[in-house]
Amino acid sequence: MTQVVLFLIVFIALILVTGKYLYHIAEGKHTFADPVFDKVDKFIYRLCGIKKEEMGWKQYAMAMLATNAVMVFVGYLILRIQVMPVFNPNEIGNMEPTLSFNTIISFMTNTNLQHYAGESGLSYFSQMAVITFMMFTSAATGFAVAMAFIRGLAGKTKTFGNFYVDFTRITTRVLLPISIVVGLLLVSQGVPQNLSPNVTVQTIEGRYQDIAMGPVASMEIIKHLGTNGGGFFGANSSAPFENPNVLTNMIEMMSMMLMPGSCVIAFGHMVRSRRKKTVVGGKEKTVWFGSEARPIFAVMAAIFIIGLGICWSAESKGNPILANIGLSQSMGSMEGKEDRFGVTQSALFTTVTTAFTTGSVDNMHDTLTPLGGAVPMMNMMLNVVFGGKGVGLMNMLVYAILAVFICGLMVGRTPEYLGKKIEGREMKLTALAIIIHPFIILFFAALALSTTGGLAGITNPGYHGLSQVVYEYASSAANNGSGFEGLADNSYFWNITTGLAMFFGRYLAMIIQLAIVGSLIMKQPVSESIGTLRTDTTTFAISLFMVVLIIAALTFFPAMVLGPVAEHLALFN
């Protein structure tokens, strides 16, 4: 476990730096990269006719939806005509309509659920112009909305900023530069980056095998940095050309953790800036971790570490059925795992990719032990453990508002969060934001289990079959994209229902969260008093932790008992 501890220490050290950088970008403050990127941004603004006007929450939401809608339309069209001989050396045919619908919604919502194998389902042009492009734009969309959300909570202005400016700045100043640098590092480790057709080789057994080629490295980095998760190959990051060795495995995990963790640090700085600054020796005191971010980060980290411990422990114990027939389980449960990663790296990757809602996999989640598989499922059900780019933070802040409200009721005082009173309108929207996520998962899961089209996709009997279904919709609603992969999911039913789950899971939550802050931003700030509930204390962190767990337990406990828990009991008894 030493490697895991060192890995997490490096993660914290990195996000302290990048989090402050994101704070400067979100607030339009000076950064070391301004001399270069200011010129790039101005060119984009002139080219696209962008006017840097301030927006209210409705304008911001409409700009986000309109931009995403245009990209969905263009992307869908490309998938439907990809047979054209443009960067298509392998002569891949057009994508079927419902699969095109599922794919384009999946990548625009930052989900990257794949009901196809990339090397045989997409041309190189589609991989670059649709998939890789949308990995950038969906990530930038999530970050932009998150920063607008935090600006509203900070309460310094009555507006949210400008979506187009936020969208441009995060793309040019973060996503593109890091992708270029780390992408070249992946190429140095053996990840392909070319436009060559597939290569047919003769194996040492005398048979022939096709070796897939293509622009893999350029997709691989933004797939993780943007918490996207869609693989160039069907085997995703378990494929040696996507993830050749332990070093690339660590790089990919750190990439998917970097931006969500940095968003929490940026939140601390943005909210802190509304308060009186601490001056020591005539100079402003350097703060790396804002006080309001500490409880948020602590709760996220606690849930992450608990999940990692359960997953690692479950996989390390191995499979008792295999042990009973004489197969050694000293290496743990190696079914579905790569020898080059083993149990520890696989358990860490599994927990990271679902806690940070990325969805890439370096092992097959369908082969995880029942409790090992329960951890990624619960991460997606909670959807607050860091989450994707800014989305997990917004979800956790919604829970923070709920925790403040509950604590306020307990002491008989009007609840306040970050200097704003939490009243009836905000609580109705908060309740709606929290209810939508489990409703989408459980509604569509029930629909799948009660219809012919849904049942036809289930390939495993009993408890595991139920887990497959719930996992698929939890992954869709949380915009994660990983799957148990045992489902026969490339059908009209599964393509359409998961497409709808991804769409509603992404945009309904975002719009409601912007509406919450839109209501708070119009209120006059309330001065702190002796009766004000402090939200930067250990007590509040514990309260928030319990609220998240209680809500999750009440909502998802029956599904977890009927799925992974029952399967675990059957396996070990």
Side-chain angles (χ1 to χ4, degrees), residues 95-117 121 229-230 234 354 357 359 361 364-368 370 373-383 435-509 552 554-568 570:
M95 188 174 277
E96 181 267 326
T98 63
L99 183 56
S100 297
F101 164 78
N102 183 275
T103 301
I104 204 65
I105 294 296
S106 177
F107 283 85
M108 192 66 261
T109 59
N110 201 239
T111 309
N112 292 207
L113 185 75
Q114 293 175 284
H115 289 176
Y116 64 91
T354 49
T357 61
V361 295
M364 292 299 102
H365 290 187
D366 193 42
T367 62
L368 292 168
V375 170
M377 194 183 303
M378 183 52 71
N379 281 340
M380 295 183 297
M381 289 173 170
L382 292 175
N383 202 22
I435 289 171
I436 279 178
H437 179 64
F439 174 79
I440 292 172
I441 297 172
L442 298 177
F443 170 79
F444 281 111
L447 184 66
L449 293 169
S450 59
T451 58
T452 304
L455 293 173
I458 302 174
T459 59
N460 280 281
Y463 312 123
H464 195 77
L466 175 63
S467 296
Q468 281 184 318
V469 172
V470 175
Y471 191 106
E472 184 79 357
Y473 288 115
S475 180
S476 300
N479 301 133
N480 180 270
S482 65
F484 264 14
E485 301 308 341
L487 281 173
D489 50 19
N490 186 12
S491 67
Y492 278 27
F493 177 87
W494 288 98
N495 285 337
I496 293 172
T497 57
T498 54
L500 293 173
M502 290 184 285
F503 179 83
F504 293 131
R506 173 77 161 183
Y507 295 112
L508 284 181
L554 291 175
T555 307
F556 294 112
F557 184 72
M560 295 297 286
V561 168
L562 292 173
V565 174
E567 186 180 2
H568 172 79

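Here, residue 1 is the first one in the sequence, and each next residue gets the next number. Being a predicted model, the structure only gives us computed values, none of them experimental.
- A donor-acceptor pair shorter than 3.5 Å cannot be found between the side chains of Thr354 and Asn480.
- For the pair Met108/Phe503, no side-chain contact is recorded, criterion being any heavy-atom separation below 4.5 Å from C-beta on.
- With sequence neighbours left out, the side chain to side chain contact (heavy atoms under 4.5 Å, CB included) criterion links Gln114 to Phe107, Tyr116, Asn236.
- The distance from atom CG of Leu455 to atom OG of Ser450, rounded to the nearest 0.5 Å, is 7.5 Å.
- In terms of modelled atom types and a separation under 3.5 Å, the side chain of Ser482 and the main chain of Gly359 share no donor-acceptor contact.
- How far CE of Met502 is from OG1 of Thr497: 9.0 Å, rounded to the nearest 0.5 Å.
- Minimum heavy-atom separation, Gly373 to Tyr471: O-CE1, 4.5 Å.
- Looking at Leu449 and Val469, their side chains come closer than 4.5 Å, going by heavy atoms from C-beta outward.
- At least one side-chain heavy atom of Asp366 sits under 4.5 Å from a side-chain heavy atom of Asn460.
- Distance check, rounded to the nearest 0.5 Å: OG1 of Thr357 to CG of Asn379 gives 10.0 Å.
- In the displayed structure, Tyr463 atom OH is contacted under 6.0 Å by at most 12 heavy atoms of other residues, nucleotides or ligands.
- Here the closest heavy-atom approach between residue Met560 and residue Met377 is recorded as SD-SD, 3.8 Å.
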Applying side chain to side chain contact (heavy atoms under 4.5 Å, CB included) to Ile458 and Leu487, what does each step give before you reach the verdict? CA-CA 5 Å; Ile458 302 174; Leu487 281 173; 4.3 Å; yes

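- Not a single donor-acceptor pair under 3.5 Å links the side chain of His115 to the backbone N or O of Thr103.
- The shortest non-hydrogen separation linking Asn102 to Asn495 is ND2-O, 2.9 Å.
- Atoms CG and CG, on Leu99 and Asp489 in that order, are 9.5 Å from each other to the nearest 0.5 Å.
- Taken to the nearest 0.5 Å, the CD1 atom of Ile105 stands 12.0 Å off from the CD1 atom of Ile496.
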Take Val470 and Met381, measure what side chain to side chain contact (heavy atoms under 4.5 Å, CB included) needs, and give me the verdict at the end. CA-CA 10 Å; Val470 175; Met381 289 173 170; 3.4 Å; yes

Side chain to side chain contact (heavy atoms under 4.5 Å, CB included) between Arg506 and Asn110: does it pass, once the steps are laid out? CA-CA 8 Å; Arg506 173 77 161 183; Asn110 201 239; 3.6 Å; yes

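- When atom types are taken as modelled, the side chain of His464 and the backbone of Pro370 share no donor-acceptor pair closer than 3.5 angstrom.
- The closest side-chain heavy-atom distance from Phe484 to Ser475 is not below 4.5 Å.
- When all heavy atoms of Thr367 and Met364 are compared, the pair lying nearest together is OG1-O, 2.7 Å.
- Scanning all heavy atoms of the two residues, the minimum distance from Ala559 to Pro564 falls at O-CD, 4.1 Å.
- Ala501 and Ser476 get closest at one heavy-atom pair: CB-CB, 3.9 Å.
- In this structure, the separation between CG on Leu113 and OH on Tyr473 is 10.0 Å, given to the nearest 0.5 Å.
- Checked against the 6.0 Å centroid threshold, Phe444 and Trp494 do not count as a close aromatic pair.
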Tell me, with the steps shown, if Tyr507 and Thr109 meet side-chain hydrogen bond (donor to acceptor under 3.5 Å, both in side chains). CA-CA 8 Å; Tyr507 295 112; Thr109 59; over 6 Å; no

Kindly indicate, with the supporting measurements, whether the criterion side chain to side chain contact (heavy atoms under 4.5 Å, CB included) is fulfilled by Thr459 and Gln468. CA-CA 9 Å; Thr459 59; Gln468 281 184 318; 3.5 Å; yes

